[in-house]
Structures are given as C-alpha cells and as structure tokens.
Amino acid sequence: MNFGGYGVIMNIEKAIVALKYNGYSVMLFKTVEEAAKYLDSSINDESVGFGDSDTLLHMNMFQRLSSHNRVVDPAHCVLGKTFKDTALECLTTNIFLTSVNAMSETGELVNIDGTGNRIAGSLFGHQKVYFVVGTNKLTPTLEEAIWRARNIAAPRNAMRLGLRTPCAIKGDRCYNCSSPDRICNSIITYYKKMSGMDMEIVIINEELGF
Ligand code: SF4
C-alpha cells in the first residue's frame, strides 16, 4: 500500500517492516476514529501522561481516556497546577502518549522539543510509550525526517503557537534562530526502541499534526 505525501510516493509497508525490526509494535489504521477507539480500548484503569501533541488533541484522547484512566496532560492543566507541575507528573505515569515530528521509511523517529518534557517522557520511566503518527510525517530517509522536523514541523508549530520567531513570521523554513521564543532546543533520533519498556507506534492514514 502506498500513500502520497512529501512530494514522493511513500511506502508505509516498508516503514512498518523497518519499525518492527527496530523493536517497536506497530498498528496501522485508516482513520482517526479507528485509532482512537483502539487506544481507548487498550488503555484502561492506568495512569497516563501526555507529551505535547497536536495529533492527540485532534483525536480528543485526553477526554476519551479520562473517563476510565487517571490522565495528566500539560494541555489540560487542572486548577492550581502549572504546565511544569503537570509535565513533571507526566514523567512518572505507567503509560505515556505522544507523537513524533517525522518518521522514516527506514524505521527511525525524530522529535524536536523546546522544554524537553515530550522528549524526556518518551525515553524513560514508563511501562509503555505510544507514538501516534499521521502518514503526513513519513519520509523516505532519516536525513529527510530530520529536515522535515526542522523545516516543516517546528515552523508550523511556532505559527500555531503565535510565536515571534522568523519561521513563524515568514512561514517557509527554519532559520536556526536565537529568538527567546525558539522551540527547537533539542532534537532526538530514536534509532531503535528504548530498552526496558514497551513502545508502540500507532500509524493513521490521515494528515495529523505537524
Ligand atoms: S530554530 Fe527558530 S527559526 Fe528554526 S524552526 Fe525553531 S523556532 Fe523556528
């Protein structure tokens, strides 16, 4: 099965084989609704933390999972708790959900982070991490995944957040800025599944997030 995007034809089956070889469990869904139902039925009576993710916001996963799990999400801070309080709590949950900024057909994932809560939560401390990823984030190679994260995902996120960065103002690419609003302070490549915890990639054949 091939999916269009990124200016070339992507091969999702090649990516799934490579991701499984790299130690991940992988599920593929045609729609957001199917993927959301799957996550909702898979995660029950757990403590769940979120990394910043426009994809998960779009899927209403906080609302869905909150009805039968204890969920903490920096995008939904409870009264009296700051972003930092909530993000810290997310680091110690059994389950952690986030997305990635790019995923290569060769089986690598790439994430950029400004505060580090998303990257930190995805690397250590949980029983299981889920990466929920739209096929718009698929690239042929790791090099193109890193390029995508820097020049497509980060600028679009900066625009969404209304930041005063050159990428958000011009809307075309990364300028490797020194802006106080810079959101690209760290970039991580996941070459393979981290040791000591389960990691599952939920791929959705829709355009989701940045
Ligand atoms: S480094 Fe600066 S210009 Fe580049 S994407 Fe990040 S915020 Fe935008």
Side-chain angles (χ1 to χ4, degrees), residues 3-8 10 15 19 32 49-59 61-62 73-77 82-88 90-91 96-124 129-191 194 199 201-204 206-210:
F3 297 115
Y6 200 67
V8 294
M10 299 299 164
L19 290 163
V32 162
F50 278 44
D52 297 330
S53 166
D54 194 64
T55 296
L56 295 172
L57 275 175
H58 180 80
M59 295 171 74
M61 288 315 304
F62 174 81
D73 179 3
H76 296 89
C77 296
T82 64
F83 174 94
K84 188 174 180 183
D85 296 333
T86 311
L88 272 171
C90 289
L91 300 182
F96 189 79
L97 278 86
T98 190
S99 187
V100 294
N101 295 130
M103 176 175 70
S104 71
E105 285 182 13
T106 47
E108 296 96 0
L109 311 172
V110 176
N111 254 334
I112 280 183
D113 208 342
T115 59
N117 62 299
R118 168 176 164 127
I119 283 178
S122 67
L123 292 175
F124 181 73
V129 171
Y130 289 89
F131 294 106
V132 185
V133 190
T135 46
N136 54 307
K137 296 180 177 177
L138 191 59
T139 67
T141 66
L142 171 59
E143 289 70 27
E144 285 158 292
I146 292 169
W147 187 92
R148 183 192 193 281
R150 297 192 71 188
N151 290 283
I152 295 178
R156 288 187 188 170
N157 256 322
M159 287 177 79
R160 174 178 67 93
L161 296 167
L163 302 179
R164 298 292 298 166
T165 59
C167 62
I169 293 165
K170 297 181 184 178
D172 51 356
R173 64 176 173 87
C174 172
Y175 290 83
N176 195 20
C177 70
S178 296
S179 163
D181 280 351
R182 178 174 167 133
I183 57 169
C184 312
N185 296 323
S186 181
I187 184 165
I188 178 96
T189 298
Y190 309 81
Y191 290 106
M194 300 303 293
M199 300 185 99
I201 302 172
V202 175
I203 303 173
I204 305 170
E206 289 194 25
E207 184 157 337
L208 279 168
F210 305 115

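Atoms within a ligand are numbered from 1 in the order they appear, just like the ligands themselves.
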For R150, the atoms of ligand 1 under 4.0 Å from one of its heavy atoms are 5 (S)
Quick one: pull up CG in N117 and CG in L91 and give me the separation to the nearest 0.5 Å. 7.5 Å
Between CG on residue N111 and OG on residue S186, distance to nearest 0.5 Å: 9.5 Å
Under 3.5 Å, sequence neighbours excluded: what are the donor-acceptor pairs made by side chains of residues 161-172?
{"from": "T165", "atom 1": "OG1", "to": "A168", "atom 2": "N", "distance (Å)": "3.3"}
{"from": "D172", "atom 1": "OD1", "to": "Y175", "atom 2": "OH", "distance (Å)": "2.9"}
{"from": "D172", "atom 1": "OD2", "to": "Y175", "atom 2": "OH", "distance (Å)": "2.9"}

For L142, give me all partners under side-chain contact (heavy atoms from CB on, under 4.5 Å), at least two apart in sequence or on another chain. E108, V110, I146, T189, Y191
Protein N/O/S atoms closer than 2.8 Å to atom 2 (Fe) of ligand 1: C177 SG
How are the rings of F62 and H76 set relative to one another: parallel (under 30°), tilted (30 to 60°) or perpendicular (over 60°)? parallel
Using ring pair (Phe, Tyr, Trp, His ring centres under 6.0 Å) as the criterion, list what pairs up with F131, not counting sequence neighbours. Y190
